[in-house]
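These numbers come from the heavy atoms of this one structure, side chains and all, not from hydrogens, waters or symmetry mates. Both counts, for ligands and for their atoms, begin at 1 and track the order of listing.
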Amino acid sequence: MPNSPKLKILFVASEAAPFVKVGGLGEVMHALPKALRELGHDARVLTPKYATIDTEKYHLETELNNIEVESGDRDPHGILASNVLRYINPDGGGVNYFLENMEYYEKRANVYGYSDDTIRWIILAKGALEFIKKSEWKPDVIVASDWQTGFIPNLVHTDYKDDPVLSKIPIVFSIHNLRYQGMFDPKHISEMDYDAGQARISDFFDPRTNKLNGMRRGIMYADVINTVSPTYAREILTEEFGEGQDKLLNERKSRLFGVLNGIDTESLNPETDKDLAVNYSVKSLSKRFENQAALQKQFGLPTTSGDVFVVGMVGRMDEQKGFDILTQMLSSLMENINFQFIIVGEGNPGYRTYFEELKLKYPDRVGTHFSFDPRLPRMIFGGADAVLIPSRFEPSGLVQMEAMRYGCIPIVRKVGGLADSVEDFTPEKEEGTGFVFDKYDPFSLTIAIIRASELYRQKKEWEKLMKRAMTKDFSWEKSAQEYVKLFEMALRFHKESQ
Ligand code: NHF
């Protein structure tokens with residue numbers, strides 16, 4: 001790393017791959033620290049020790065005993081004691097810490113979705129801070145991500161403000177998805193339940209605890225706020241995307257930055273990916289047909305040898321991802337043009353029923369899979385011609401970058417990180433890496449798919465498009481360098497405020 005001194009960085013998060021991953025956050029908590037380590041920094045990650053994290057498989061060892069977390073005056077137990085376990089990657093790939101707690105983490109099968117989730121995240125925040133106090137290894141910067149860890153900057157600003165160690169450590173608060181702010185829908189919170197963020201974090205057993213807005217508190221008290229793409233950083237300043245926090249974000253605008261996520265290009269590589277039927281590169285694109293055939297077989301569809309446009313979709317089935325506009329147009333598009341549609345996703349049962357009915361209507365053209373299988377997204381990237389991402393909003397989005405790496409062309413809405421990573425195809429200039437539409441409506445989405453399916457018939461042009469997409473660099477290195485700048489800025493701001 002050029003001249004700047006090594007930084008010690010502690011990421012605190014609710015999930016981190018490969019130990020526990022529910023969504024994109026977990027992926028970033030693996031890939032970003034890894035990229036920072038490759039730049040010479042000491043980046044470590046702390047998450048809860050959930051029951052699903054196998055102590056034996058990962059050879060977890062005790063790092064520190066008796067981390068004490070105060071639960072508040074009303075709690076009959078008063079103080080919860082827990083341990084921090086340590087994982088050291090045998091290949092020198094960094095350290096992960098795990099905060100143990102039998103009641104709140106170990107006994108739970110899932111990461112999210114409990115009626116006492118807020119308490120679970122306050123324990124994580126307090127546990128992380130108590131750990132830093134006791135540990136020999138002290139970070140120069142803490143990175144807290146999303147509402148679950150917004151209590152960290154809040155506590156450092158209040159309960160821990162006189163602590164000689166913690167008060168010196170700047171905090172970067174990362175927004176991966178502004179929609180989720182606590183255990184409530186920010187759009188439908190009543191005035192009475194609104195958390196302005198000033199009041200002291202309530203005791204665990206106070207009914208107000210569940211109404212605490214971890215996202216707002218994170219934004220209010222962090223030294224630097226960042227989100228996962230430059231466009232989303234601008235969008236969240238508006239009422240349309242601000243999820244009720246746009247005023248606050250505008251007040252803190254000089255501390256708000258956007259850095260586009262990257263992807264793990266080592267693991268996501270069509271030349272070596274073991275989940276593909278055949279490996280290929282930008283120089284051997286014709287081999288992709290074999291992957292397409294394997295994909296079609298997997299989903300019980302007839303093989304089409306490149307005659308039929310194959311469109312895939314991967315990810316959470318919820319409103320954010322554009323399923324409301326998609327389900328308004330897909331059936332009539334299928335009536336009018338010939339293409340195959342394959343969907344892999346979990347979520348909203350209403351959307352699931354829609355696709356099941358569509359499959360009944362078009363059994364030779366629709367493929368579905370509604371539970372998590374890590375192989376299937378890669379099979380889609382390696383075998384489908386295009387992938388659909390018509391999101392209503394998208395902080396960064398990873399799927400479009402992952403798909404491009406495999407030559408699978410993204411059809412996306414011009415929003416958030418999608419706008420920052422996919423350039424619209426322009427026939428005149430032979431530019432672009434995908435198909436981009438602007439307005440969030442079924443008609444605009446329809447046009448984008450039709451544009452793509454038309455170009456697909458011009459095989460030479462389509463191949464050029466694939467090559468442009470495949471050679472785009474979405475590795476983490478550049479983004480990790482941007483993060484280092486944010487850390488340095490946070491250190492400066494924090495010093496100035498002391
Ligand atoms: O990629 C990881 C992910 C983003 O756009 C995605 C999202 C949640 O909605 O940063 O976080």
For [X] and [Y], which I'm curious about, is there any donor-acceptor pair between the side chains at under 3.5 Å?
X      : Y      : result
Gln181 : Gln245 : yes
Asp420 : Tyr232 : no
Thr327 : Tyr351 : no
Asp273 : Tyr406 : yes
Tyr160 : Glu130 : yes

Is the shortest side-chain N to carboxylate O distance from Glu423 to Arg468 below 4.0 Å?
no
Honestly, for Asn261 the part within reach of ligand 1 (heavy atoms, under 4.0 Å) is side chain
Residue portion contacting ligand 1 (non-hydrogen atoms closer than 4.0 Å) for Gln320
side chain
In this structure, which one of Arg217, Met183, Arg216 forms a side-chain contact (heavy atoms from CB on, under 4.5 Å) with Trp147?
Met183
I'd like to know if Gly417 contacts ligand 1, where contact means a heavy-atom distance under 4.0 Å to any ligand atom.
no
Closest approach of any protein heavy atom to atom 4 (C) of ligand 1, naming residue and atom
Gly397 N, 3.7 Å
Which residue holds the protein heavy atom closest to atom 6 (C) of ligand 1, what is that atom called, and what is the gap in Å?
Glu394 OE2, 3.4 Å
For ligand 1, which atoms, with element, lie under 4.0 Å from some heavy atom of [X]?
X      : value
Asn177 : 9 (O)
Leu25  : 2 (C)
Pro395 : 5 (O), 7 (C), 9 (O)
Val28  : 2 (C), 10 (O)

On the six-membered ring of Phe493, is Arg255 placed so that its NZ or CZ lies under 6.0 angstrom from the centre and within 45° of the ring axis?
yes
Hey, is ligand 1 close enough to Gly24 that some N/O pair sits below 3.5 Å?
no
Ligand 1 to His176 polar contact by distance, N or O atoms, under 3.5 Å:
yes
